[in-house]
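Accompanying notes for the structure given below.
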Amino acid sequence: MVKKEEAERAFQKMFGDWAAESGIQQPYGSNLISYYDFKAWVDRKGYSHYFEFRSTGGADACVERWFDAYFKQIWMN
């Protein structure tokens, strides 16, 4: 299990890496960007252990909020 703070740092880096690898361009908020595509990429890369942290509502929901904030998708929530 990782600490939430450690997971957040790792995911912030992964968001950028995934966007670059996937050809996703800024401005991020103008496009609908798939959290589930990102999550599948995390699994393929072997980083899914970063989802193993404690959070109210669960780690997956927490990471999705970070994802939405990073990619300026907050308007969807």
Side-chain angles (χ1 to χ4, degrees):
M1 184 170 293
V2 297
K3 293 187 183 222
K4 185 176 179 180
E5 296 79 16
E6 176 187 356
E8 184 173 13
R9 283 191 304 275
F11 278 112
Q12 293 299 319
K13 181 174 180 342
M14 282 187 260
F15 296 151
D17 292 348
W18 173 75
E21 191 174 303
S22 300
I24 297 170
Q25 302 290 320
Q26 290 190 18
Y28 294 132
S30 63
N31 301 311
L32 184 59
I33 300 171
S34 173
Y35 172 70
Y36 298 101
D37 289 348
F38 168 74
K39 193 170 177 186
W41 178 86
V42 170
D43 288 340
R44 283 193 309 275
K45 293 290 188 175
Y47 300 140
S48 54
H49 65 280
Y50 283 105
F51 282 96
E52 297 173 14
F53 63 89
R54 294 181 187 262
S55 179
T56 304
D60 189 57
C62 187
V63 175
E64 189 169 6
R65 284 191 302 274
W66 295 336
F67 178 91
D68 289 345
Y70 185 93
F71 290 107
K72 299 176 180 36
Q73 304 286 313
I74 299 295
W75 55 270
M76 294 176 43
N77 297 334

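The model shown is predicted, which means the values in this text are computed figures rather than measured ones.
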Closest approach of [X] to [Y] (non-hydrogen atoms, all atoms of both residues):
{"X": "Asp60", "Y": "Lys39", "value": "OD1-NZ, 2.8 Å"}
{"X": "Val42", "Y": "Ser48", "value": "CG1-N, 3.7 Å"}
{"X": "Met14", "Y": "Tyr47", "value": "SD-CD1, 3.5 Å"}
{"X": "Tyr70", "Y": "Gln12", "value": "CD1-OE1, 3.2 Å"}
{"X": "Val63", "Y": "Phe15", "value": "O-CZ, 4.1 Å"}

Would you call the rings of Phe67 and Trp18 parallel, tilted or perpendicular if under 30° counts as parallel and over 60° as perpendicular? tilted

Donor-acceptor contact below 3.5 Å, side chain Gln73 vs main chain Phe71: yes

Are the side chain of Ser34 and the backbone N or O of Tyr36 linked by a donor-acceptor pair below 3.5 Å? yes

Do Asp17 and Trp41 pass the side chain to side chain contact (heavy atoms under 4.5 Å, CB included) test, and can you show the C-alpha distance, the side-chain angles, and the key distance before you say yes or no? CA-CA 10 Å; Asp17 292 348; Trp41 178 86; 4.0 Å; yes

Tell me if the aromatic rings of Tyr35 and Trp66 count as close, with their centers under 6.0 Å from one another. no

What about the rings of Phe11 and Phe51, do their centers lie closer together than 6.0 Å? yes

Side chain to side chain contact (heavy atoms under 4.5 Å, CB included) assessment of Ser55 paired with Arg65: CA-CA 12 Å; Ser55 179; Arg65 284 191 302 274; 4.3 Å; yes

Supply the atom-to-atom distance Glu6 CD to Phe53 CZ, rounded to the nearest 0.5 angstrom. 11.0 Å

Any carboxylate oxygen within less than 4.0 angstrom of a Lys/Arg side-chain nitrogen, looking at Glu52 and Lys4? no

